[in-house]
Protein chains: 2
Amino acid sequence: MAGKFMTIREMCDLFDVTPRTLRFYEQKELLAPERTGNRRLFTKRDRARLKLILRGKRFGFSLEDIRQILDLYDPDQNNLPQIKRACKLGTQRLADLEERRKELDEAIQDLRGQLVIGAEMISYAQATAAE
Amino acid sequence: MAGKFMTIREMCDLFDVTPRTLRFYEQKELLAPERTGNRRLFTKRDRARLKLILRGKRFGFSLEDIRQILDLYDPDQNNLPQIKRACKLGTQRLADLEERRKELDEAIQDLRGQLVIGAEMISYAQATAAE
DNA sequence: CGTTATGCTTACGTGAACGTAAGACGGTAC
DNA sequence: GTACCGTCTTACGTTCACGTAAGCATAACG
């Protein structure tokens, strides 16, 4: 049923988005589903791209940022300069992500510390209440 | 000059944001600077909160999400139920962040792989061009 | 002491990322 | 055949996160 092509509804159910969202992404050239008549047919490629799109969004990238990143994932094989540009941009993006990971680790440490403090406040409150 | 209080401009320079942004965050109750007359005076607490705000934004949280997180970082010490709620929410948020880290690691691995492919494409193109 | 910078409030404007409603078209279930 | 999905296009509406301009008060500088 979903071997090669998927309808827009199947895509929506699979990724938990609305049809409007998929059409919007197509309009922004983030997706490029096939057509039969004027019905959209989403391929494996579209699914892979959508996964990347949603992931990017969860990390605060704009759709325009994401479009640039997507180009990295399937550049025009016959266009060497474009491949080189994509690699350069990708290397830069990688450094970006690694920086983000450091920040994320820091945030996790902070939050853990805060939870310890919270736990202390609770046990202290209970201790004084028991007096 | 910036020992205890900072002007809005000093804050802007320090965090690379506009005055409008700081006023906007205050209106949304993310910050609560003191006042002298009607001039805002930002304290160490505001600086700590702003750091958290900007960090949250980089990870795609909405300002409303962030407001909830901020409450975690200085709950009302006299309100035990609120502390407990904050801890619960914080624990949940921690799991959330750790999930994000897994995703981020995945994204980094993907991108590294993609860069390898790109490098291969470049060297292949150059090899065939040399024939 | 006038000019220039900084800050305040109020309020309308803007770009991104969709939501939503209207109307038309094609398959298909009865 | 017609009633009903599912999908399409077009287009106006909406929310979030600020930008920007106007008008006024105060502070800092020379």
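Quick note on labels: first sequence line is chain A, next is B, and so on, each numbered from 1.
With distances taken from any side-chain atom of B:Ile8 to the nucleotides D:dT9, C:dG7, C:dT9, the minimum falls on C:dG7. Looking at the side chain of B:Tyr25, the nearest of the listed nucleotides C:dG7, D:dC18, C:dA17 is D:dC18.
Within 6.0 Å of CD on B:Glu64 lie more than 12 heavy atoms contributed by other residues, nucleotides or ligands.
Residue-level contact check: B:Arg20 touches the bases, meaning some heavy atom is under 4.0 Å from a base atom. At a threshold of 4.0 angstrom between heavy atoms, the contacts of A:Arg9 are confined to the sugar-phosphate backbone, with no base atom among them. Looking at heavy-atom distances under 4.0 Å, A:Arg23 makes contact with a base. Using a 4.0 Å heavy-atom distance criterion, B:Lys57 is classed as a sugar-phosphate-only contact.
One interatomic measurement links the two molecules: CG of B:Asp13 to C1' of C:dT6, which rounds to 12 Å at whole-angstrom precision. Taking atom CD1 on B:Ile53 and atom C1' on D:dC18, their separation rounds to 14 Å, with Å as the unit. Between B:Glu34 atom CD and C:dG7 atom C1' there is a gap of 17 Å when expressed in whole angstrom units. Counting to the nearest Å, the P atom of D:dG6 and the CG atom of A:Asn38 are 17 Å from each other. Rounded to whole angstrom, the span from the CD atom of B:Glu10 across to the P atom of C:dG7 amounts to 8 Å. We find that CG of B:Leu41 is positioned 12 Å from P of D:dA27, with the value rounded to whole Å. Distance CZ (B:Phe61) to C1' (D:dC16): 17 Å, rounded to an integer number of Å. Nucleotide D:dC18 holds its C1' atom 17 Å from the CD atom of B:Glu64, rounded to whole Å.
Here A:Arg40 reaches the OP1 or OP2 of D:dC8: one of its side-chain N or O atoms lies under 4.0 Å away. Dashed line: the shortest gap from a side-chain N or O of A:Arg35 to OP1 or OP2 of D:dT9 is under 4.0 Å. At the phosphate of C:dT6, neither OP1 nor OP2 sits under 4.0 Å from any side-chain N or O atom of B:Thr7.
Ionic pairing of A:Asp110 and B:Arg55 is present here: one or more N-O contacts between side-chain nitrogen and carboxylate oxygen are shorter than 4.0 angstrom. Between B:Glu106 and B:Arg112, none of the side-chain N atoms (NZ, or NE/NH1/NH2) sits under 4.0 Å from a carboxylate O, so this pair counts as no salt bridge.
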Salt bridge (Lys or Arg N to Asp or Glu O under 4.0 Å), that's the test. Do B:Arg49 and B:Glu26 meet it? Break it down for me. CA-CA 11 Å; B:Arg49 289 174 73 92; B:Glu26 180 180 0; over 6 Å; no
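Under a cutoff of 6.0 Å and an axis angle of 45°, B:Arg100 and B:Phe61 form a cation-pi pair.
If you find the closest nucleotide of DNA chain C to A:Arg39 and to A:Thr18, the one lying nearer the 5' end belongs to A:Thr18.
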